Amino acid sequence: MTATKKNIQLFVPTFRVDECLEEIRECLEKGWTGLGFKTLDLEERWKEYTGLPHAHYLNSATAGLRYAVKLLKQKHGWSDGDEIISTPITFVSTNHAILYEDMRVVFADVDHFGCLDPDSVEAAITPNTRAVMFVGLGGNTGQYDRIVQICRERGLQLILDAAHMAGTRLRGVTPGQEADAVVYSFQAVKNLPTADSGMVCFQDGDLDKLVRQLSWLGIDKDTFTRSQSGGVYKWYYDVPSLGFKDHGNSIMASMGLVQLRYLDQDNAYRRQLATWYEGALSGEVDFVPVAEGCESSRHLFQVRVPRRDEVLMALNGAGVFPGVHYRDNSEFTMYANQGKPCERARSFSDSVISLPMHLRLTRADVMFVCETLKQVLAVH
Ligand SMILES: *Cc1c(COP(=O)(O)O)cnc(C)c1O
């Protein structure tokens with residue numbers, strides 16, 4: 001063989017290096033790398049971009065999900081052991097957030113989008129159900145509209161884990177306007193990558209105020225506001241509650257600001273890659289569809305294959321390195337006993353592959369992945 005071996009990875013984040021460094025330079029020159037300055041700027045731009053009423057920048061989406069559960073629990077007076085219906089097909093953060101706050105995770109099954117199935121959600125509701133946690137898998141909105149309707153009808157709170165959904169639109173609008181909390185991840189390999197950070201967007205302005213305090217040790221004013229207040233008695237802040245240290249910083253926010261400028265353009269290229277994949281695989285390989293009316297961020301492009309583990313190993317042998325999103329969380333020791341097994345989730349978990357999806361891929365790369373996959377499937 002003369003050709004060098006392929007090396008096509010699942011995720012390779014792209015950064016506009018000079019623009020990122022320019023934003024970071026402003027922080028370094030100003031001497032302000034922490035909370036405030038760029039974090040406030042990013043929050044303002046995120047609200048403008050999404051149309052959501054509030055946004056607080058944190059060091060991760062995991063923290064955001066935990067605050068969503070904590071503050072909704074506090075506001076509504078939920079008890080320990082009350083239930084939140086969630087999906088077994090997600091990154092463990094989603095479900096850990098529920099357990100951190102001493103609530104119970106009740107799994108409902110997924111649909112053909114790999115998102116929570118509304119009928120299964122309805123069937124899982126008990127007198128102790130307080131909320132639904134919906135994950136837009138890969139940027140897909142799945143049957144989100146019906147989930148919103150169920151939550152309204154049944155008086156349940158709705159948390160949208162939008163870790164994959166930066167830039168997703170549903171009929172032209174950012175989904176989550178109806179949710180009680182929406183949480184985004186800007187982790188290193190998400191479709192809006194920084195290094196580590198996230199955004200929590202509460203519907204209720206009081207909860208937005210609270211999360212600002214709680215993510216900064218419970219202190220009731222942020223550094224920026226205090227320095228603006230004329231310098232009189234700056235040291236007289238109050239600490240009304242036992243907070244944590246989870247707020248975002250200006251270096252990460254600098255990267256986020258640059259990424260946000262390119263988000264729509266980048267997602268359009270992801271959708272182009274997905275269209276190439278679909279064209280090449282159509283009729284031969286099952287792929288996970290995108291819901292009607294959803295303009296997906298296309299964080300993921302997923303296919304479903306028999307004998308997945310063998311297929312994945314064979315792809316690796318050919319220099320293609322896909323991923324699995326996700327293994328059924330009920331297979332993990334932590335989540336082994338969260339109600340009835342979810343059959344469709346189990347079969348999704350056993351068959352799904354996320355094909356390489358990032359901005360450095362070319363049409364030729366996509367074609368190579370598809371041809372390799374088809375060859376592998378023909379012999380496995
Ligand atoms: C990545 C991810 C998270 C956690 O995001 P972090 O910013 O890494 O904490 C939560 N939910 C889903 C679905 C994710 O993919």
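Please read all numbers here as calculations on a predicted model, not as lab measurements. Numbers here are sequence positions counted from 1. All ligand and atom numbering here is 1-based and tracks the order in the structure.
Assignment of K190 to the shell around ligand 1 is supported, since a heavy atom sits closer than 4.0 Å. Using a 4.0 Å cutoff on heavy atoms, Y326 counts as a contact of ligand 1.
Of the protein's non-hydrogen atoms, the one nearest atom 4 (C) of ligand 1 is S93 OG, 3.4 Å. Looking only at heavy atoms of the protein, atom 7 (O) of ligand 1 is closest to S185 OG, 2.7 Å.
Taking the six-membered ring for Trp and thresholds of 30 and 60 degrees, F244 and Y67 have ring planes more than 60 degrees apart, a perpendicular arrangement. Between Y277 and F301, the ring planes are parallel. Angles under 30° get that label, and only those over 60° would be called perpendicular. In this pair, Y100 and H96 present their aromatic rings perpendicular. The plane angle is above 60°, beyond the 30 to 60° band.
No side-chain donor-acceptor contact under 3.5 Å links Y269 and H358.
Contact check on R270 versus D266 returns no salt bridge, with no Lys/Arg side-chain nitrogen under 4.0 Å from an Asp/Glu carboxylate oxygen. Salt-bridge check for D180 with K75: failed, with every basic side-chain N at 4.0 Å or more from each acidic carboxylate O. A salt bridge does not link D350 with R346: every distance from a Lys NZ or Arg NE/NH1/NH2 to an Asp or Glu carboxylate oxygen is 4.0 Å or more.
Note: no N/O pair closer than 3.5 Å links Q187 and ligand 1 by distance alone.
Of all the atoms in ligand 1, the ones that sit under 4.0 Å from a non-hydrogen atom of H164 are 13 (C), 14 (C), 15 (O). Per-residue contacts place T94 under 4.0 angstrom from the following atoms of ligand 1 (heavy atoms of the residue considered): 11 (N). For ligand 1 and D161, the ligand atoms under 4.0 Å from any heavy atom of the residue are 10 (C), 11 (N), 12 (C), 13 (C). Atoms of ligand 1 lying under 4.0 Å from any heavy atom of T62, numbered from 1 in the order shown and given with element: 4 (C), 6 (P), 9 (O).
Comparing T90, V189, L58 against atom 13 (C) of ligand 1, the shortest heavy-atom distance belongs to T90. Comparing A163, G136, A61 against atom 12 (C) of ligand 1, the shortest heavy-atom distance belongs to A163.
Placement of F107 and F91 in two distinct hydrophobic clusters is found when ILVMFWY residues are connected by side-chain heavy-atom separations under 4.5 Å, directly or transitively.
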